[in-house]
Amino acid sequence: MSEPLSSQYDPAQIEAALYHQWEERGYFHARADQVLHGGADPYVIVIPPPNVTAVLHMGHGLNNTIQDVLIRWRRMQGREALYLPGTDHAGIATQNVVERQLAAEGKTRYDVGREAFVERVWKFVDETGSTILEQLRAIGCSCDWTRTRFTLEPDLSRAVRESFVRLFAKGLIYRGKYIINWCPRCLTALSDEEAEPAETQGRLYHIRYPVVGRAPVGAATLPDGRAYVVVATTRPETMLGDTAVAVHPEDERYSALIGGRLLLPLVERELPVVADDYVDPEFGSGAVKITPAHDPNDFELAKRHDIPSLDVLTPDAHMSDDVPAAFRGLDRFEARRRIVAALGELDLIERIEDHTHSVPHCYRCDTIVEPRLSEQWFVRMKPLAEPALAAARNGRVRFTPDRWTKVYEHWLENIRDWTISRQLWWGHRIPVWYCRADGCGHVMAPRTDPAACAECGSTAIEQDPDVLDTWFSSWLWPLSTLGWPDETNDLRAFYPTQTLVTAPEILFFWVARMIMAGYEFKGDAPFSDVYLTGTVRDTQGRKMSKSLGNGIDPLEVVQLYGADALRYTVIASVGFGTDVYMDPDNLDATFSPGRNFSNKIWNAGRFALMNIGDEPVLTLDAVRPDLETADRWILSRLAAATEDVTRQLEAFRFHEAAESAYHFFWGELADWYLELIKPRMQADAAASSRAAAKATLVHVLDGALRLLHPIMPYITEALWLRLPVPAGVDREESLVVGTWPAAGPRDEDAEAQMDALMELIGAVRTLRSEYNVPAGSHVPVHLTNPAPALREALSVEERALRRMARVNDVTVNGGADGMGAHAVLRGGTDLFLPLAGVIDVEQEKQRLGRERDRIEGQLRATEARLGSEKFASRAPADIVAKEREKADSLRDQRDRLDAKLRGFG
RNA sequence: GCGCGCUUAGCUCAGCUGGUCCAGAGCACCUCGUUUACACCGAGGGGGUCGGGGGUUCGAAUCCCUCAGCGCGCACCA
């Protein structure tokens, strides 16, 4: 309290020390026993676990700031607030990183072997895995670090095992051979969600397949006389795996061919022509080549017609040995070129047209995904989806913004089974063992690793080599982090959680599946609110990404402007679920709102502390009789702000909450109240007035800092700790665990008076500015017919007018003669500034004339409305009365302006 | 193609159940300013036919229809 504060806020000086202190004192630690036995109401947010390899980016900055705002706010409201941190093992991503390291050494994972490879990944994770969690500390996240979890740690792995075993036993996990999404670079299966469609400019190749045997009458023919049928494809290389051609059963063009055969060019294999209503006769030629091993629709059709599959691609998407020698071993795209060329030479290309279609890409490495026939493990989703769907429909889980509800429902309504096996080494090994004993073939998924076959006792058992999708552990996150499958105190106290904050991109990947898992394994949704954030973009609207180099490093921002500036800027930029735009090339401009506001808070606080001095401060109650209009006004405004900020936070309207607190602090407290009380702080002011001002100031500053604390924890705490404590008040030891303010009563009188006074001051300032009255000079003011509120305000706050508008004399109802500037205030008050010599008569006449016309326009519109028969008869009485009042007031203002104008002659 | 959403000042967004909204904020812009908290500041100012058209209503930025543009989700017809 005694050491002087610098005139510029320096966040670096205070942030790290404060965070350390908060953490050390255990403020972030949530106590299960308080909930179970102490009657505390829990408020829990589980962090969307970042990849263990991740480095903090603005997306995290946005998400985690929002989470922390909610947590800090609820903690102040007295909730047992748990912000549960952790990371996930990110199977593909992490494995990719280590594989790249190996590649730099000229090795592959197969060279080092599975065990050594996994060991190496662990080593990497142990060294770098906590980076992002450290970074979350830097932006002020009040996580309960004693509960930090990792999806691949033993407890959470046990949860994964348990969930698998249960679903397996219920028949909800099965193995089968289907077309799945395959990444030829990652060499693993992907779920549908992991294959992201992207609009791609492709081509549609129309290829002639010659007819075998007798051609239908009138069929097109090749130069050699053979008839042919045209099929269209975007992927000519797959034709080598064609095993049929399909047409629509009612397509007359081809009815004669059904049951006949075509000759597959280049391969010279005969293909049956089958009829199936899957075929759309309108598209392309109406004849479809069928490649069951490389297209899901073809696969289904082939099953219906008992057509064999032929896989012509290797796992890394090269042509397999099952194709003609000329194409063997070629990369899929090279094969496409050569096949098209070869067909061209045979005159079998009818035409090639441009064709835009969406092509699935691997969400981890962006490689074009291959639909591939392979044996994988799946989760049967339909039964799991039902309660998750009901949860959205009955409001158990609410989505904010609400429009995501439909997206969620639609996905669940059309849910497809989930491919959960991954051909990776880093992850939870699938807990399935196959008995290899002759004639047994038992498949088992036990809770503990078996030594022998449960069916035949043979020890010739083998565990499935694959691992599970990372999301198969993430979907348990709210459960597993709290101890499930054990009925721990944490689980009992903190499940279900309250709010989940995440990006819409993982609504299906993660959010929907967590809800399914919550119901399946614990019988309840894992949270009640899902807040979906927007995306952080650059000024051109591009998503920030490492590869584009348009990212912003939150740590750099923290270093430059402080965590509070980062947090405030982010929160204030976050429209309701809208994207956030930031300029990576101009951090100064981007973060100026937060930086400037921090500095404003700092200086307002500094001013208050300097003026309060060492004199003891009284409680508000002790000075109640001495409160002046300005005091009552700011207290009323604090009440309004408190109510508003609270309401906005409840509705997840972060931008509005921030704006509301900002406007109160800057626009009301700093701009007006601090100015109003300056004279009262001086030594020559009346002691009672000074005491009232100081008590009010301390109270209001205390409230304002509390309202801002969830958004800007550091600066608010730093100032608050220095704020003097009124005698007899027992204060909390930190804002972190301080109480959230309750809105006090509003004071309509004080607000009306101050509104009138502020309007008057504003009007005088405007006139001064219009007439270029030198800033330093003081002017007299004449008021005629002041409105009651203004009259009252002036009786107590005239000196405010003098100070803030540079006025040296105030005359009421009299002396308003001569040349000067005029204005009419609300409530009909006439304002006159005698500016003889300064004033330009013509200019003033024009100015007043414009004002008069504006008022006249409004008046006419209002009178027209009132004059309308229909309005009078159909509009509600109170609206009509309001309009009448408005017309009266406008008429009065116009008349006064007319009178003034007449005065100019 | 189906579904959802958006289109308000130069930019990013508010505007909740139609009536002081002939529309607000922040940033940007212009003018003035060294009044002892802050120039990361203060004072003042300019700027919008609320995407186009139509309708409902006494009254629409706000409700309905339609068109256009953009975005998202889903499905992909090879």
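In what follows, chains carry the letters A, B, and so on, assigned in the order in which the sequence lines appear, proteins first and then strands, with residues in each chain numbered from 1. Because only heavy atoms are used, hydrogens play no part in the values below, and waters and symmetry mates are left out as well, while side chains stay in.
Spacing of C1' atoms, B/G48 relative to B/U36, comes out at 41 Å, to the nearest Å. Comparing B/C63 with B/G1, their P atoms sit 27 Å apart, to the nearest whole Å. With C1' as the reference atom, B/A78 and B/G52 are 40 Å apart, rounded to whole Å. Across the C1' atoms, B/A75 and B/C4 are found 15 Å apart, a figure rounded to whole Å. Between B/U20 and B/C2, the two P atoms lie 39 Å apart (nearest whole Å). With P as the reference atom, B/G53 and B/U17 are 25 Å apart, rounded to whole Å. Straight-line distance between the C1' atoms of B/U34 and B/G42: roughly 11 Å, to the nearest whole Å. As rounded to the nearest Å, B/G3 and B/G24 have C1' atoms that lie 33 Å from one another.
Under the side-chain contact (heavy atoms from CB on, under 4.5 Å) criterion, A/N596 pairs with A/S592, A/W666, sequence neighbours left out. In this structure, the side-chain hydrogen bond (donor to acceptor under 3.5 Å, both in side chains) partners of A/E370, at least two apart in sequence or on a different chain, are A/R235, A/R332. Remark: A/Y568 pairs with A/F597, A/Y662 by the ring-ring contact (aromatic ring centres under 6.0 Å, His included) rule, at least two apart or across chains. In this structure A/Q682 satisfies the side-chain hydrogen bond (donor to acceptor under 3.5 Å, both in side chains) test with no other residue, sequence neighbours excluded. Taking the ring-ring contact (aromatic ring centres under 6.0 Å, His included) definition, one finds that A/Y254 meets it with nothing, sequence neighbours left out. Partners of A/E856 according to the salt bridge (Lys or Arg N to Asp or Glu O under 4.0 Å) rule, which considers only residues two or more places apart in sequence or in another chain, are A/R852, A/R860, A/R894. Not counting sequence neighbours, the partners of A/R680 by the side-chain contact (heavy atoms from CB on, under 4.5 Å) test are A/E628, A/A630, A/D631, A/I677, A/S689, A/A692, A/A693, A/R799.
Nearer to the 5' terminus of RNA chain B, by closest-nucleotide assignment, is the contact made by A/L859 (compared with the other of A/L859 and A/E659). Taking for each of A/K406 and A/F871 the nucleotide of RNA chain B with the nearest heavy atom, the 5'-most of the two is the partner of A/K406.
For the pair A/I571 CD1 and B/U12 P, the computed distance is 20 Å after rounding to whole Å. Rounded to whole angstrom, the span from the CZ atom of A/F591 across to the C1' atom of B/G26 amounts to 15 Å. Taking atom CD1 on A/I601 and atom P on B/C41, their separation rounds to 12 Å, with Å as the unit. Taking atom CG on A/L532 and atom C1' on B/G5, their separation rounds to 13 Å, with Å as the unit. In this structure, NZ of A/K882 is placed 10 Å from P of B/G19, rounded to the nearest angstrom. Separating the CE atom of A/M804 from the P atom of B/G33 is a distance of 20 Å, rounded to the nearest angstrom. Protein atom CZ of A/R768 is 18 Å distant from nucleotide atom P of B/G42, rounded to whole Å. Spacing between atom CG of A/N772 and atom C1' of B/C32 amounts to 8 Å, rounded to whole angstrom units.
Between A/F508 and A/W411, the ring planes lie parallel to each other; the angle is under 30°, not in the 30° to 60° tilted range.
In this structure, A/D538 and A/Y581 have side chains that are not in contact, with every pair of non-hydrogen atoms separated by 4.5 Å or more.
Here A/F399 and A/W404 keep their ring centres 6.0 angstrom or further from each other.
Less than 4.0 Å separates RNA chain B from at least one heavy atom of each of the following residues of residues 759-767 of chain A: A/R765, A/T766. Sorted by residue number, the members of residues 645-656 of chain A with any non-hydrogen atom under 4.0 Å from RNA chain B read A/R653, A/H655, A/E656.
One side chain, A/E194 or A/Y363, offers a donor N or O that lies under 3.5 Å from an acceptor on the other. Using modelled atom types, one finds a donor on one side chain and an acceptor on the other under 3.5 Å when comparing A/D588 with A/Y561. No side-chain donor from either of A/H655 and A/Q648 sits under 3.5 Å from a side-chain acceptor of the other.
The backbone N or O of A/R203 lies less than 3.5 Å from no partner atom in the side chain of A/D354, so there is not a single donor-acceptor pair.
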Anything under 3.5 Å between a protein N or O and an N or O of nucleotides 69-75 of chain B, put it in a table, one pair a line.
from	atom 1	to	atom 2	distance (Å)
B/A75	OP1	A/R416	NH2	3.0

Just the atom pairs and distances: protein N or O near nucleotides 34-38 of chain B's N or O, under 3.5 Å.
from	atom 1	to	atom 2	distance (Å)
B/A37	OP1	A/K678	NZ	3.3
B/A37	O3'	A/R606	NH2	3.3
B/A37	O2'	A/N603	OD1	2.7
B/A37	O2'	A/R606	NH2	2.6
B/A37	N7	A/K678	NZ	3.4
B/A37	N6	A/A670	O	3.2
B/A37	N6	A/E675	OE2	3.2
B/A37	N3	A/N603	O	3.2
B/A37	N3	A/A604	N	3.3
B/C38	O4'	A/N603	OD1	3.0
B/C38	O4'	A/N603	ND2	3.4
B/C38	O2'	A/N599	OD1	3.0
B/C38	O2	A/K600	NZ	3.0
B/C38	N3	A/K600	NZ	2.7

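At the heavy-atom level, A/H206 lies nowhere under 4.0 Å from the strands shown.
Annotation for A/S7 and A/R606: closest pair CB-NH2, 3.2 Å, computed over non-hydrogen atoms.
Distance check, rounded to the nearest 0.5 Å: CZ of A/R336 to CD of A/E237 gives 4.0 Å. Between atom CZ of residue A/F664 and atom OH of residue A/Y673 there is a gap of 10.0 Å, rounded to the nearest 0.5 Å. Note that CD1 of A/I307 and CG of A/D276 are 8.5 Å apart. Values are rounded to the nearest 0.5 Å.
Where RNA chain B pairs in unbroken runs of 3 or more (Watson-Crick or G-U, both distances under 3.5 Å), the stems are B:1-7 with B:68-74, B:10-13 with B:24-27, B:29-33 with B:41-45, B:51-55 with B:63-67.
For A/P593, taking side-chain heavy atoms from C-beta onward, the closest of the listed nucleotides B/C4, B/G26, B/C41 is B/G26.
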